[in-house]
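Notes follow the structure.
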Amino acid sequence: MSRDYDIDTLIERFKKQDKIALARLITLLENQPELALQIFKHFENNKNASHIIGITGSPGVGKSTLTNSICKKLIEEGKKVGVISVDPTSPFSGGAFLGDRVRMTDVSLDPNVFIRSLASRGFGGGISRAVFDISLLYEAFGMDVIIIETVGVGQAEVDIYNLAYTIIVVLVPGYGDVIQMQKAGIIEIGDIYDVNKMDLGGEDIAVQIEMMLDDSSTFQGGWRPPVSMTNAITGEGIDELVQNIWDHEEHLRLSELLKEKKKSRFTYKVNQLLFHKIEKILMEQIMSKEEISQIAIHALEDGKFKIYDDVQKIFNKIHFEIKRD
Ligand SMILES: Nc1nc2c(ncn2[C@@H]2O[C@H](COP(=O)(O)OP(=O)(O)OP(=O)(O)O)[C@@H](O)[C@H]2O)c(=O)[nH]1
Ligand SMILES: [Mg+2]
């Protein structure tokens, strides 16, 4: 490890608000999550608490452009913002790993903004782990706001519902999205709804969402999600959207809900850490890589459905005994 990458040196630079050190620590954690303990022990006394916003919606609705505009507004308000952009690297969106950063160049050079893109493919389910770790680093860095941009809600990759305190569901003119949202039960999930691309219409969509919300009886702690309309490119409507974010933050803070959300965020992480460790220990003890590939070969040669039987047979031979000191 070169001197530059020495963790203690990086932490010193990080504490002096060095963005390059922040970027390097993120990369270190991404590649070697086991370093978390070593890194985070330096921040034990960090009391900073960022407000965490999740921005979600179908591909192409304008989440990145919106994030950019929201960042601009937050900078004006004197805030420091950390962005985590989970790019699905979908073949349909061009698989642009740097795409979001390119679109967000507007604010990415601002000293008060830091943007990190993560390609969700290739992390093997580790993406939400990485998102959590980055959010902790952002908090230690003193970010007032963290924005997590992701496609969809509650997908296998990032469970934004467990990570963010304020969730913005972004829609665009055209009914397809609203119908999908109803089907997926997403209407329950947004704390704020935003109809973006208002230059292309959308009044009727906003009305429809309002109507759906009127029908919905489960408003968390009395919060009735507001519906805003924006043009993320020109910035029209952004002030109102950001105001809605602060109103929701205040609502959470004044009720006990913020504490609950924070607890969920950490419970989720604890589960993840435990699961990861248990999985690792069990997998090593139960089956070797060779045995696993033997089962696969057996199934391919003798019948695909053999995998269920073979795995069950192995489990039948195991006697679990859990001891705690
Ligand atoms: N007309 C119009 N176009 C917009 C608006 N906001 C974003 N766009 C355009 O919509 C396209 C997609 O915007 P993005 O911000 O990349 O959308 P996204 O939701 O982040 O996309 P993915 O990350 O690929 O899911 C871009 O060409 C934007 O310029 C808007 O308010 N009006
Ligand atoms: Mg995007």
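The figures here come from the full heavy-atom set of this structure, side chains too, leaving out hydrogens, waters and symmetry mates. Ligands are counted one by one from 1 in listed order, and the atoms in each one are counted from 1 as well.
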*Just which atoms of ligand 1 are under 4.0 Å from any heavy atom in Glu149?*
20 (O), 23 (O)

*Between Gly60 and ligand 1, does any nitrogen or oxygen pair lie at a separation below 3.5 Å?*
yes

*Atoms of ligand 1, numbered as shown, that sit under 4.0 Å from any heavy atom of Ser64*: 15 (O), 18 (P), 20 (O)

*asked:* For a side-chain hydrogen bond (donor to acceptor under 3.5 Å, both in side chains) check, start with the C-alpha distance between Arg24 and Thr9, then their side-chain angles and the critical distance, and finish with the verdict.
replied: CA-CA 11 Å; Arg24 288 197 179 148; Thr9 316; over 6 Å; no

*Would you mind checking if Glu12 and Lys15 are paired as a salt bridge, meaning a charged N to carboxylate O distance below 4.0 Å?*
no

*Opening angle at the Mg ion (ligand 2) [OE2, Glu149; OG, Ser64; to 10 degrees]*: 80°

*Between the side chain of Gln38 and the main-chain N/O of Leu35, is any donor-acceptor distance below 3.5 Å?*
no

*Polar proximity ligand 1 side, Gly62 side, N/O cut 3.5 Å exclusive*: yes

*Should the proximity of Met198 to ligand 1, defined as any heavy atom under 4.0 Å, be assigned to the side chain, the backbone, both, or neither?*
neither

*For ligand 1, note which part of Asp199 has a heavy atom under 4.0 Å away: side chain, backbone, both or neither.*
side chain

_Cluster overlap Met198 with Ile233, hydrophobic side-chain contacts below 4.5 Å_ = no

*Taking only heavy atoms of Pro59, which atoms of ligand 1 are found under 4.0 Å from at least one of them?*
25 (O)

*asked:* In the structure I gave you, are the side-chain heavy atoms of Ile192 and Thr166 within less than 4.5 Å of one another anywhere?
replied: yes

*N-O pairing of Glu30 and Arg116 below 4.0 Å*: yes

*State whether Asp18 and Arg13 are salt-bridged, where the test is any N-O pair (Lys NZ or Arg NE/NH1/NH2 against Asp/Glu carboxylate O) under 4.0 Å.*
yes

*With a 4.0 Å cut-off on heavy atoms, does Glu236 reach ligand 1?*
no

